[in-house]
Enquirer: 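The structure is given below, and queries will be raised subsequently.
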Number of protein chains: 2
Amino acid sequence: MTERKREILASSQSVLKEKGYAATSVRDIAKALEMEPASLYSHFKNKEDILKITCFDMADKFELAVREVNDIYFNAEEKLRLAIKLHVEILTQNLDSAIIFIRDWRNLTGTALEQFLTKRNAYEKGFREIVQTGIDEGVFNETDKKFAALTILSSVNWIVEWYKVDGKLNAEQIADKLSNFILSGLKKEMI
Amino acid sequence: MTERKREILASSQSVLKEKGYAATSVRDIAKALEMEPASLYSHFKNKEDILKITCFDMADKFELAVREVNDIYFNAEEKLRLAIKLHVEILTQNLDSAIIFIRDWRNLTGTALEQFLTKRNAYEKGFREIVQTGIDEGVFNETDKKFAALTILSSVNWIVEWYKVDGKLNAEQIADKLSNFILSGLKKEMI
DNA sequence: CTTGCAAACTAACGTTCGTTAGGCAAATAT
DNA sequence: ATATTTGCCTAACGAACGTTAGTTTGCAAG
């Protein structure tokens with residue numbers, strides 16, 4: 001990926017995050033770059049290509065992060081805290097892409113959609129494994145793993161709806177708050 | 001609203017929820033109804049009208065529910081459990097509309113968008129008040145109310161992503177699970 | 001100086017989009 | 001029985017869509 005392509009991608013993502021993939025035209029994207037719509041096709045195969053690259057880049061980042069966490073030998077609480085921290089960091093450091101990843105993946109078609117779902121599923125499985133670890137260790141309440149993992153991910157992903165880069169909370173603080181919120185619900189009370 | 005209009009609206013929502021508002025054409029909607037695109041305009045002002053009605057109907061339902069909860073004198077835990085239960089019921093009983101409400105409201109324009117956001121804000125405020133009640137009563141941990149309310153709502157809204165009408169969990173069971181998950185995180189430990 | 005290449009351009013293609021105008025038939029109201 | 005309304009139709013509009021073909025520009029390597 002050339003420097004210029006990365007530049008164009010970043011601008012495209014900034015435009016796409018505003019109105020969503022389907023409601024944004026190639027002409028909108030070109031306009032923000034002060035170039036002709038046709039010029040974009042020197043860099044990208046087509047419009048969906050931009051979406052594909054964005055979604056898969058994000059999916060790769062998340063997949064890598066959760067695999068890393070599961071490879072390291074921590075206890076479950078540490079694992080979950082780390083997973084949430086890495087997730088929040090990826091979200092906040094790539095906010096435009098993250099918004100597109102979360103909202104617009106449905107516009108992928110054909111095999112791209114299938115592959116995306118496979119990747120996303122692997123990621124969710126990673127979270128479920130963390131929850132399972134906690135149950136095995138006896139520190140998390142027995143619970144529907146899938147339900148718990150999805151609930152956790154939904155809370156975490158939702159931050160893109162309100163996170164502002166210059167807000168008063170940084171990624172680590174958000175991750176801490178969220179982890180506390182989630183964990184004290186999941187953790188078995190040790191009386 | 002005539003019977004026929006309601007019928008067309010329901011079918012439209014069923015189509016819209018699949019690919020999203022922006023990616024769905026008026027022709028797609030008409031096709032599902034086995035009628036001509038132009039005929040839709042006997043019932044709706046334009047395409048956005050369908051989105052508007054859908055989003056505002058849902059917003060009204062939610063707003064009514066949370067106001068009801070806040071009017072009734074319950075303790076905070078009961079209030080939150082009831083609010084979540086009502087919310088889940090509204091979601092699951094209007095799944096098509098709910099999906100559109102959650103995913104596609106951004107496609108509203110002008111004053112409709114403003115009014116929608118005002119309504120949604122009132123709803124979130126209702127949730128925040130419940131959290132506040134709990135803090136006042138000393139049964140919820142002191143916490144950023146806005147943060148807590150948004151996190152709760154995100155978990156609850158996310159169920160539209162995996163809820164299946166014929167699944168093994170009904171609305172009440174989902175609400176119970178979610179409430180337990182959320183509440184034991186929010187509740188102060190009484191040792 | 002020439003060649004090669006990357007990145008942009010102009011022009012336009014065929015398609016699909018949301019929407020309107022006007023008419024026709026059946027149901028309903030007077 | 002007649003008038004009105006409702007619900008749909010056919011036809012078509014202009015605009016916007018994603019994309020392609022072919023060309024020009026500017027820079028870097030030979």
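Since the structure is predicted, the reported quantities are computational estimates derived from the model, not experimental observations. Order of the sequence lines fixes the chain letters, A, B, ..., with proteins taken first and strands second; residue numbering starts at 1 for each chain. These numbers come from the heavy atoms of this one structure, side chains and all, not from hydrogens, waters or symmetry mates.
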Enquirer: B/Tyr41 has an atom OH; how far is it from atom P of D/dA12, in whole Å?
Expert: 19 Å
Enquirer: Quick one: A/Glu34 CD to C/dA8 C1', roughly how many Å, whole number?
Expert: 14 Å
Enquirer: Quick one: is the NZ or CZ of B/Lys5 closer than 6.0 Å to the six-membered ring centre of B/Phe44, and within 45° of its axis?
Expert: yes
Enquirer: With respect to the side chain of A/Arg27, which nucleotide from D/dG18, C/dA7, C/dT19 is positioned closest?
Expert: D/dG18
Enquirer: Nearest to the B/Thr2 side chain among D/dC9, C/dG18, D/dG7, which nucleotide is it?
Expert: D/dG7
Enquirer: Indicate, yes or no, whether a donor-acceptor pair under 3.5 Å links the base of D/dG7 to the side chain of B/Arg4.
Expert: no
Enquirer: Looking only at side-chain atoms of A/Ser25, point me to the closest of C/dA11, C/dA21, D/dG18.
Expert: D/dG18
Enquirer: Hey, does the side chain of B/His43 come within less than 4.0 Å of D/dT6's phosphate (OP1/OP2), counting only N and O?
Expert: no
Enquirer: Rounded to the nearest 0.5 Å, what separates atom CD1 in B/Ile84 from atom CG in B/Leu91?
Expert: 11.5 Å
Enquirer: For A/Asp28 and D/dC17, give me the distance from atom CG to atom C1', rounded to whole Å.
Expert: 11 Å
Enquirer: With sequence neighbours excluded, give me every side chain to side chain donor-acceptor pair (under 3.5 Å) pair touching residues 39-51 of chain B.
Expert: B/Glu48-B/Thr109
Enquirer: Are any of B/Ser39's side-chain N or O atoms less than 4.0 Å away from OP1 or OP2 of D/dC9?
Expert: yes
Enquirer: Does the distance from a Lys or Arg side-chain N to an Asp or Glu carboxylate O, for A/Glu7 and A/Arg4, drop under 4.0 Å?
Expert: yes
Enquirer: In this structure, how many angstroms lie between the P atom of C/dT19 and the NZ atom of B/Lys45, rounded?
Expert: 9 Å
Enquirer: How far does CZ of A/Arg6 sit from CD1 of A/Ile53, to the nearest 0.5 angstrom?
Expert: 10.5 Å
Enquirer: Provide, to the nearest angstrom, the distance between the CG atom belonging to A/Leu9 and the P atom belonging to C/dA7.
Expert: 14 Å
Enquirer: Find the distance A/Lys5:NZ to C/dA8:P and express it as a whole number of Å.
Expert: 13 Å
Enquirer: Could you tell me the separation between the CG atom of B/Leu40 and the P atom of C/dA21, rounded to a whole number of Å?
Expert: 17 Å
Enquirer: Nearest-Å distance, CD (B/Glu36) to C1' (C/dA21)?
Expert: 15 Å
Enquirer: Check every atom of C/dT19, D/dC8, C/dT20 against the side chain of B/Met35 and return the nucleotide holding the closest atom.
Expert: D/dC8
Enquirer: Looking at C/dA8, does its base get a donor-acceptor pair with the side chain of A/Ser42 below 3.5 Å?
Expert: yes
Enquirer: Return the nearest nucleotide to the side chain of B/Ala38; candidates are C/dG18, C/dA8, D/dA11.
Expert: D/dA11
